[in-house]
Amino acid sequence: MFSKILIANRGEIALRIIRTCKVMGVKTVAVYSTADEESLHVRFADEAVCIGPPAGRDSYLNIPRILAAAEITGADAIHPGYGFLAENASFSEICHESGIKFIGPSASMIHRMGNKSLAKETVRASDVPTVPGSTGLVSTPEEGMEVLRNIDFPVILKASAGGGGKGMRIVRSLEDFEKQFRMARAEAESAFSNGDLYLEKYIEKPRHVEIQIVGDQHGNIYHLGERDCSIQRRHQKLVEESPSPAVSPELRSRMGEAAIKTAKSIDYEGAGTVEFLLDSKQNFYFMEMNTRIQVEHPVTEEVTGVDLIREQILVAAGEKLPAGGYPLPEGHALECRINAEDPDKDFRPSPGPIVTWHQPSGYGVRVDSHVYQGYTIPPHYDSMIAKLIVHANSRSEAIDRMVQALEEFVIEGVRTTIPFHKKVMQHPKFREGDFDTHFLETFA
Ligand code: ADP
């Protein structure tokens with residue numbers, strides 16, 4: 001087992017990882033930017049190293065500084081969390097070359113799944129259903145037109161290097177295609193310094209259903225059921241749950257098998273998520289694989305009783321997964337992302353000092369957060385300040401518990417998404433489980 005893990009991240013996920021390390025008796029090193037001196041992850045770690053000014057490239061994305069911090073403190077492993085360097089193949093490679101274990105997959109695994117178009121080709125070869133579309137990249141509008149001979153409108157242009165819902169454009173007619181193509185390319189170039197695009201059929205009214213998997217270094221890969229992340233705003237997830245109201249045990253086992261096949265196609269090691277679109281006829285299509293821990297991992301933890309960060313650390317240390325796989329999910333879990341944003345002003349970020357903070361607790365309630373009363377939310381990073389997670393015997397009980405927990409949550413000084421979540425939880429369609437990725441577009 002590792003003796004000391006450096007956490008190359010900030011915020012709630014850094015704290016989440018430190019907590020599990022403590023339970024496992026592993027020492028921890030936090031790194032932080034000057035904007036995060038007051039963050040809880042800095043106080044909770046055994047050691048903390050300031051790695052630079054607020055901008056990501058000068059701190060949390062700065063590989064030489066992070067490695068220097070690992071060397072100075074004698075850390076023998078690095079956990080990247082999510083975002084920042086979590087899916088950076090060269091970071092995984094450099095850690096490896098420096099004799100520090102990267103808690104996650106190898107550079108080649110990250111590379112093969114990080115490029116979405118390449119990932120689609122890889123999994124298609126292993127008989128996993130993918131959304132109909134281009135084989136590989138589409139370099140010119142003319143090439144796109146060729147692909148359009150075989151698929152009907154609407155279609156979606158996607159940036160191969162895309163992420164976080166950026167670099168996607170829906171095209172509904174041939175007249176519009178060339179213009180959208182050029183705009184998508186320019187957008188992808190500016191957001192990802194990579195203008196590569198691919199094209200696929202736009203699935204109408206799908207649900208976003210993803211499967212959590214874990215693979216060890218001995219060739220075992222198991223899944224832990226699904227999460228439904230269809231409640232999205234501009235392709236960004238806001239509410240997640242497990243199990244999905246749309247997935248039967250039979251569909252779960254088929255999707256689980258497809259996810260395992262996906263991971264096996266690259267001999268995957270570590271925790272990962274295979275994302276699918278599920279259409280109204282229960283057809284599912286591979287969308288992408290995330291080679292890291294996800295924000296929404298707690299809902300899976302709640303229904304399976306498995307600490308996923310612990311699993312990541314164990315498999316990175318070479319341990320074998322339990323023979324026979326993981327327990328089947330029990331009950332129902334929901335997560336609401338509490339962001340410092342103003343839902344009445346188009347979800348505009350609302351950083352600043354937290355004057356009052358009272359978080360809910362009690363049976364079946366969990367809050368993962370790095371903030372506290374008196375803390376000032378810096379304007380430099382993502383606006384998520386807490387994840388509110390509930391677990392109950394049934395979906396309706398979980399929703400009731402979430403409503404109660406949201407009522408109890410008091411945050412003053414900044415605007416948050418709490419009032420928005422209260423509305424979602426009370427919405428009849430949400431309560432019935434009858435929704436797709438467009439739910440919020442028609443949300444009053
Ligand atoms: P990102 O990596 O930016 O999150 P994804 O490929 O995971 O991008 O897609 C994000 C969301 O965009 C999906 O959850 C879904 O709502 C929507 N989406 C992506 N591809 C399609 C498609 N072919 N048809 C319909 N919706 C799609």
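All residue numbers in this chain count up from 1 along the given sequence. Both ligands and their constituent atoms are indexed starting at 1 by order of listing.
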Participant: Please work out whether any backbone atom (N, CA, C, O) or any side-chain heavy atom from C-beta onward of Ile203 is under 4.0 Å from ligand 1, and answer side chain, backbone, both or neither.
Facilitator: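 The answer is both.
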
Participant: Short list, please: which atoms of ligand 1 are under 4.0 Å from a heavy atom of Glu275?
Facilitator: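 It comes down to these atoms of ligand 1: 7 (O).
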
Participant: I'd like to check which ligand 1 atoms, numbered from 1 as shown, lie under 4.0 Å from a non-hydrogen atom of Lys158.
Facilitator: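 Atoms satisfying the 4.0 Å criterion: 6 (O), 19 (C), 20 (N).
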
Participant: According to ring pair (Phe, Tyr, Trp, His ring centres under 6.0 Å), does anything in residues 331-352 pair up with another residue at least two apart or in another chain? List the pairs.
Facilitator: Phe347-Phe420

Participant: Which protein heavy atom lies closest to atom 10 (C) of ligand 1, and at what distance to 0.1 Å?
Facilitator: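 Scanning the protein heavy atoms, the shortest distance from atom 10 (C) of ligand 1 goes to Met168 CE, 3.9 Å.
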
Participant: Please report which non-hydrogen protein atom sits nearest to atom 22 (C) of ligand 1, along with the residue it belongs to and the distance in Å to one decimal place.
Facilitator: Leu277 CD1, 3.3 Å

Participant: Going from OG on Ser242 to CD on Glu335, what distance comes out if it is rounded to the nearest 0.5 angstrom?
Facilitator: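 Between Ser242 OG and Glu335 CD, I get 11.5 Å after rounding to 0.5 Å.
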
Participant: Please confirm whether Glu288 comes within less than 3.5 Å of ligand 1 when only nitrogen or oxygen atoms on both sides are compared.
Facilitator: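 Checking ligand 1 against Glu288, an N or O pair does fall under 3.5 Å apart.
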
Participant: What is the ring orientation for Phe84 with Tyr60, classed by angle as parallel under 30°, tilted 30 to 60°, or perpendicular over 60°?
Facilitator: tilted

Participant: How close does the nearest protein non-hydrogen atom get to atom 26 (N) of ligand 1, and which residue and atom is it?
Facilitator: Tyr202 CE1, 3.5 Å

Participant: In terms of side-chain geometry, is the basic nitrogen of Arg19 or Asp307 positioned less than 4.0 Å from the acidic oxygen of its partner?
Facilitator: no

Participant: What are the atoms of ligand 1, with element, lying closer than 4.0 Å to any heavy atom of His208?
Facilitator: 13 (C), 14 (O)

Participant: Which protein heavy atom lies closest to atom 9 (O) of ligand 1, and at what distance to 0.1 Å?
Facilitator: Met287 SD, 3.8 Å

Participant: With rounding to the nearest 0.5 angstrom, report the CG to OG distance, Leu251 to Ser244.
Facilitator: 8.0 Å

Participant: Could you list the atoms of ligand 1 found under 4.0 angstrom from a heavy atom of Lys116?
Facilitator: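 Under 4.0 Å from Lys116, ligand 1 has these atoms: 1 (P), 2 (O), 3 (O), 5 (P), 6 (O), 8 (O).
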
Participant: What pairs of donor and acceptor atoms, side-chain ones from residues 141-151 against any protein atom, are under 3.5 angstrom apart with sequence neighbours left out?
Facilitator:
| unit_1 | atom_1 | unit_2 | atom_2 | d |
| --- | --- | --- | --- | --- |
| Glu143 | OE1 | Ser139 | N | 3.4 |
| Glu146 | OE2 | Arg149 | NE | 3.3 |

Participant: For the ring pair Tyr375 and Trp357, is the centre-to-centre distance below 6.0 Å?
Facilitator: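 Centroid distance Tyr375-Trp357: not below 6.0 Å, so no.
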
Participant: Who's the nearest protein heavy-atom neighbour of atom 17 (C) of ligand 1, and how far?
Facilitator: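 Protein heavy atom with the smallest distance to atom 17 (C) of ligand 1: His235 ND1, 3.5 Å.
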
Participant: Would you mind telling me if ligand 1 is within reach of the side chain of Gln232, the backbone, both or neither, using heavy atoms under 4.0 Å?
Facilitator: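 For Gln232, only side-chain atoms sit under 4.0 Å from ligand 1.
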
Participant: Is the distance between the ring centroids of His427 and Phe439 under 6.0 Å?
Facilitator: yes

Participant: So does Asp434 pair up with Lys429, basic N to acidic O under 4.0 Å?
Facilitator: yes

Participant: For atom 3 (O) of ligand 1, which protein heavy atom lies nearest, and how many Å away is it?
Facilitator: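 Of every protein heavy atom, Gly165 N, 2.4 Å lies nearest to atom 3 (O) of ligand 1.
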
